[in-house]
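As structure tokens, the structure follows; a few thoughts come after it.
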Number of protein chains: 2
Amino acid sequence: MNTAMLTALAEPNRLHIIELLRDGGPLTIGEITSRLELNQPQTSKHVRVLSEAGLVEVEPVANRRIIKLRPEPFQQLDSWLETFRSMWEDRLDRLDDYLREIQAQDKTFDQS
Amino acid sequence: MNTAMLTALAEPNRLHIIELLRDGGPLTIGEITSRLELNQPQTSKHVRVLSEAGLVEVEPVANRRIIKLRPEPFQQLDSWLETFRSMWEDRLDRLDDYLREIQAQDKTFDQS
DNA sequence: CTGAAACATTCCTTTACAGGAATATTCCTT
DNA sequence: AAGGAATATTCCTGTAAAGGAATGTTTCAG
């Protein structure tokens with residue numbers, strides 16, 4: 001895994017920016033600034049960090065910058081999480097076993 | 001999302017510890033120390049951070065501590081990621097559209 | 001060409017945190 | 001009870017990073 005991405009997400013304001021973008025589509029620096037009640041320079045700095053971590057794409061349009069989420073890092077994070085999934089799916093496996101048992105019982109009943 | 005968890009994961013040595021535990025099952029402080037070539041105090045400190053973030057469970061057994069992964073935070077992270085999944089599944093939707101187009105064309109061919 | 005809007009950059013200060021070294025604690029063995 | 005193994009804690013130092021304030025840059029409108 002990429003620790004740069006995690007470092008970027010670990011800061012509350014930046015995480016908040018990410019969720020703003022997830023919910024509210026692409027936003028400009030100014031929009032993020034007002035919705036998060038930050039100062040504009042801090043917003044710019046945070047977006048810069050997010051951009052350098054690849055989490056966000058910055059598209060200059062005239063006077064302003066349009067910030068959008070990039071899906072790739074989230075996919076990466078997702079497939080990294082995959083490698084842990086067996087941890088909590090053990091329980092589901094046990095449920096599976098249980099269901100299989102029930103099914104076996106049903107068969108027994110069918111034959112009786 | 002929990003930024004404490006992300007902060008804990010964002011440090012390379014700690015991330016490494018997590019992956020060690022994922023791959024090698026529960027480990028003691030000493031085992032982590034030697035496999036990661038850290039000093040023992042740093043290992044203890046990092047494990048403490050991981051523990052306070054809930055990522056890890058520390059079970060004292062006599063002289064040593066047995067460190068295990070806790071599934072819950074990874075589940076949390078997973079369901080947080082769910083809220084982003086539509087982002088990269090749009091492409092699959094577009095593929096769907098494409099397939100539907102092809103199918104429509106086939107119908108046209110059938111009629112000719 | 002001037003001014004204003006939208007951002008970026010720089011400088012400064014404060015704080016958090018990682019690593020190293022030394023020391024303290026806990027627990028088992030004998 | 002003593003010593004050693006495994007781990008924790010403390011103290012120190014350096015560094016990175018966040019926020020504030022001020023200023024610089026770009027772009028459009030008029």
When clusters are formed from ILVMFWY side-chain contacts under 4.5 Å, directly or step by step, what else is grouped with A:Val61? A:Ile66

Partners meeting salt bridge (charged side-chain N to carboxylate O under 4.0 Å, His left out) with B:Glu52 (sequence neighbours left out): B:Arg48

Between the protein and nucleotides 20-25 of chain C, which nitrogen or oxygen pairs come in under 3.5 angstrom?
from	atom 1	to	atom 2	distance (Å)
C:dG20	OP2	B:Asn39	ND2	2.9
C:dG20	N7	B:Gln42	NE2	3.2
C:dG20	O6	B:Lys45	NZ	2.8

Do B:Thr83 and A:Arg22 have side-chain N/O donor and acceptor atoms under 3.5 Å apart? yes

Quick check: does any side chain N or O of A:Gln42 sit under 3.5 Å from a backbone N or O of A:Asn39, one acting as donor and the other as acceptor? no

Please name all residues satisfying side-chain hydrogen bond (donor to acceptor under 3.5 Å, both in side chains) with B:Ser34, sequence neighbours left out, ordered by chain then number. none

For A:Met87 and B:Leu69, which heavy atoms make the closest approach, and how far apart are they? SD-CB, 3.8 Å

Kindly write out the residues that satisfy side-chain hydrogen bond (donor to acceptor under 3.5 Å, both in side chains) with A:Ser44, not counting sequence neighbours, or none if the list is empty. A:Gln40

By the rule that ILVMFWY residues connect when side-chain heavy atoms come within less than 4.5 angstrom, directly or transitively, which residues belong alongside A:Val49? none

Set of residues satisfying side-chain hydrogen bond (donor to acceptor under 3.5 Å, both in side chains) with respect to A:Thr33, sequence neighbours excluded: A:Thr43

Could you tell me the separation between the CD atom of B:Glu52 and the P atom of C:dA18, rounded to a whole number of Å? 12 Å

What pairs with B:Glu59 under side-chain hydrogen bond (donor to acceptor under 3.5 Å, both in side chains), at least two apart in sequence or on another chain? B:Lys68

OP1, OP2 of D:dA17 versus side-chain N and O of A:His46: anything below 4.0 Å? no

Base partner of C:dT30, which must satisfy Watson-Crick or wobble distances under 3.5 Å: D:dA1

List the atom pairs, with distances to 0.1 Å, where a side-chain N or O of residues 9-20 of chain A and a protein N or O form a donor-acceptor pair under 3.5 Å, not counting sequence neighbours.
from	atom 1	to	atom 2	distance (Å)
A:Glu11	OE1	A:Asn13	N	2.9
A:Glu11	OE1	A:Arg14	N	3.0
A:Arg14	NE	A:Ala8	O	2.8
A:Arg14	NH1	A:His46	ND1	3.3
A:Arg14	NH2	A:Thr7	O	3.4
A:Glu19	OE2	B:Trp80	NE1	2.8

Every protein N/O lying under 3.5 Å from an N/O of nucleotides 12-14 of chain C:
none

Strand contacts (DNA chain D) in residues 7-32 of chain A, 4.0 angstrom heavy-atom criterion: A:Glu11, A:Asn13, A:Arg14

Hey, could you give me the CD1/CD1 distance between B:Ile67 and B:Ile32, rounded to the nearest 0.5 Å? 5.5 Å

Checking B:Asn2 side chain against B:Ala4 main chain: does a donor-acceptor pair fall under 3.5 Å? yes

Let's see if you get this right: which residues in residues 57-69 of chain A place a heavy atom under 4.0 Å from DNA chain D? A:Ala62, A:Asn63

